[in-house]
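Remember, it's 1-based here, ligands and their atoms both numbered in the order they're listed. Excluded from the calculations below are hydrogen atoms, water molecules and symmetry mates; all remaining heavy atoms, backbone and side chain alike, are included.
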Amino acid sequence: MTKPDVLYVSKPNAEWWRTAVIYQIYPRSFADGNGDGMGDLQGVTARLESLQELGIDAIWFSPFFKSPQKDAGYDVSDYKDIDPLFGNLADFDALLTRAHSLGLRIIVDLVPNHTSDQHEWFQAALKAGKGSPERDMYIFREGRGLFKNKAPNNWPSVFGGSQWTRVIEPNGKKGQWYLHIFDSSQPDLNWKNPPVRDEFDNILRFWLDRGVDGFRIDVAHGMIKREGLPNTKQFSTEMGGVKSEGDMTIEELEVANPYWGQPEVHDINRRWRKIIDSYNDRAMAAEAWISGPLERMARWVRPDEYNQTFNFGYMFAGWTKAAQIKSIEDSFTAFGAVGAPSTWVLSNHDTIRHVTRYGMVGELPQGDGIGPDYEQPDEALGLRKGRANTAFMLGLPGGAYIYQGEELGLPEHTTLEGKYRQDPTYFRTKGKRVGRDGCRVPLPWEAGANQSNGFSSNGASWLPQPESYKSYSRDAQRGVAGSTLELYKQLLKVRKEQGLGGGDFRWAPELSDEQSLAFVNNGVAVVANFGPDAVILPAGELLVTTQHDLRVEGELQQDQVAWIKLS
Ligand code: GLC
């Protein structure tokens with residue numbers, strides 16, 4: 001079968017989220033307004049204009065809710081309040097008003113799979129004892145073995161160790177076990193229990209009534225656990241080996257990982273979409289790490305489910321010609337089949353920054369970072385490839401996410417010492433996996449202003465910046481032709497002017513050769529060169545390029561991208 005020429009056509013007059021570029025703020029590390037070394041809401045408000053200048057459409061905030069901060073705020077103890085580390089509800093309202101007046105929408109991060117162990121529901125569950133309705137808010141089970149001292153099943157925590165922790169019952173004796181996909185401070189809620197669903201309806205409405213434009217839903221694929229909580233399972237290949245996830249059917253994947261992507265979770269998606277749609281112009285995005293064929297992930301964005309789901313397949317596709325072709329084609333085909341745009345993304349707070357990934361050999365999975373004892377990345381190579389991939393990605397129709405700092409070309413902190421590490425992964429694996437702190441380091445704003453390069457007024461910073469961050473500071477790049485900041489600004493401006501987010505897509509083999517790749521979106525050719533030899537650019541107006549100083553007019557060097565308005 002030959003592929004259709006045009007692989008994707010946007011809906012006319014599409015809703016904002018189908019085309020938006022959404023900027024992720026990690027509140028701890030964006031800007032510190034009160035000098036305690038921890039980013040906060042007032043710090044964000046004071047710096048909002050720089051984001052308007054960047055040219056984004058919306059902001060997604062990682063959690064700032066009340067939390068003991070055992071997993072940097074993904075352990076919420078009160079969903080309807082702000083943690084004092086970040087400010088208070090009045091600070092949030094002021095931020096929202098200011099953002100809206102600058103034309104920026106705000107998305108907040110909802111964490112429904114689990115609460116903090118300090119949440120009043122979990123504290124009540126501990127006190128109420130076995131068989132109580134309070135315990136039924138969570139997933140409590142008896143242990144296995146004569147003394148019930150073995151975890152109820154073999155499920156491994158994402159952060160290392162078991163998913164089960166045993167509690168001390170009100171009578172002072174060891175008792176039941178509770179489930180936590182992540183840290184023991186993050187007990188999983190029982191989403192089969194109606195009161196849990198009702199509570200979250202209220203939480204959604206609380207923020208929607210406050211005026212937020214939508215949600216990013218944390219661990220959206222983990223809320224429903226397979227009936228009976230069976231052990232994880234491996235499948236054999238015909239040759240008798242262990243089947244890899246890539247070779248499993250969707251049904252096998254559901255059995256293999258009994259806590260990821262279970263079919264019943266789609267009922268929750270639909271329930272929430274009704275709430276979202278009962279308000280004007282709101283949207284929700286799923287963080288769903290769904291393995292297997294992309295058709296499985298596309299189920300999350302059927303018309304009555306999520307508006308967006310992060311295209312993690314694209315995130316890890318890699319910067320090669322073959323990988324880009326495959327991931328982009330598969331994405332348009334799978335998401336297009338359910339009427340959804342793709343949501344492109346390359347970096348976030350859980351993964352090694354893409355400019356650093358591209359400076360490394362080999363791939364590293366979610367939950368891991370790079371430590372001082374590891375082989376260190378090639379910073380210049382990574383930056384070159386990372387900028388190229390971003391320029392290629394932002395030319396594609398659909399929504400896109402960028403993670404704070406990538407507009408500065410900021411690398412991962414790859415030599416952070418153990419004494420600074422905070423990610424629970426580091427502790428649960430006894431340092432074997434260093435965890436995600438390296439991508440969460442506070443942003444440099446003014447080069448040399450103080451030790452944190454202006455992140456806070458006095459140089460304080462909850463994680464130290466590496467030496468190199470000074471040269472990446474925003475003020476050192478602002479207005480400097482060819483800087484990564486100016487490149488991002490130009491890409492976002494042209495993307496908007498040319499309507500690329502809401503455009504159409506076709507490959508343009510007539511504009512590329514073996515080592516280059518080109519597509520056309522709304523009459524704009526996006527050309528990338530993957531090979532060592534320079535390629536000749538098509539005729540037309542050069543709108544933007546990663547290669548600031550074209551060494552020979554009309555030629556594109558290796559790992560460079562150009563956008564050209566075809567004449
Ligand atoms: C998501 C978050 C991650 C967090 C985990 C548990 O994957 O993005 O940061 O640790 O969920 O809430």
Backbone, side chain, both or neither: what part of Phe159 comes under 4.0 angstrom of ligand 1, heavy atoms only?
side chain

Centroid separation under 6.0 Å, is that true for the rings of Tyr79 and Trp207?
no

Can you tell me which portion of Arg440 lies within the under-4.0 Å heavy-atom range of ligand 1? Options are side chain, backbone, both, or neither.
side chain

Numbering as shown, the atoms of ligand 1 that approach His114 to under 4.0 Å (heavy-atom distance)
6 (C), 12 (O)

Main chain of Leu41, side chain of Thr45: is a donor-acceptor contact present, judged purely on distance under 3.5 Å?
yes

Ligand 1 contacted by Arg216 (non-hydrogen, < 4.0 Å):
yes

Contact check: Trp289 vs ligand 1, nitrogen or oxygen atoms, below 3.5 angstrom
no

Proximal ligand 1 atoms for Val219, defined as those under 4.0 Å from one of its heavy atoms:
1 (C), 11 (O)

Considering only heavy atoms of Arg436, which atoms of ligand 1 have at least one such atom less than 4.0 Å away?
3 (C), 4 (C), 9 (O), 10 (O)

Gln465 side chain to Pro442 backbone, donor-acceptor under 3.5 Å:
yes

Centroid-centroid distance, Phe335 to Phe332, less than 6.0 Å:
no

Should the pair Asp201-Arg271 be classified as a salt bridge under the 4.0 Å nitrogen-to-oxygen rule?
yes

Give the atom numbers and elements of ligand 1 that come within less than 4.0 Å of a heavy atom of His349.
2 (C), 3 (C), 8 (O), 9 (O)

At the 4.0 Å heavy-atom cut-off, does His180 count as touching ligand 1?
no

In terms of relative ring orientation, are Tyr26 and Trp462 parallel, tilted or perpendicular, with 30° and 60° separating the classes?
tilted

Treating Asp75 as the side-chain partner and Asp71 as the backbone partner, does any N or O pair qualify as donor plus acceptor under 3.5 Å?
yes

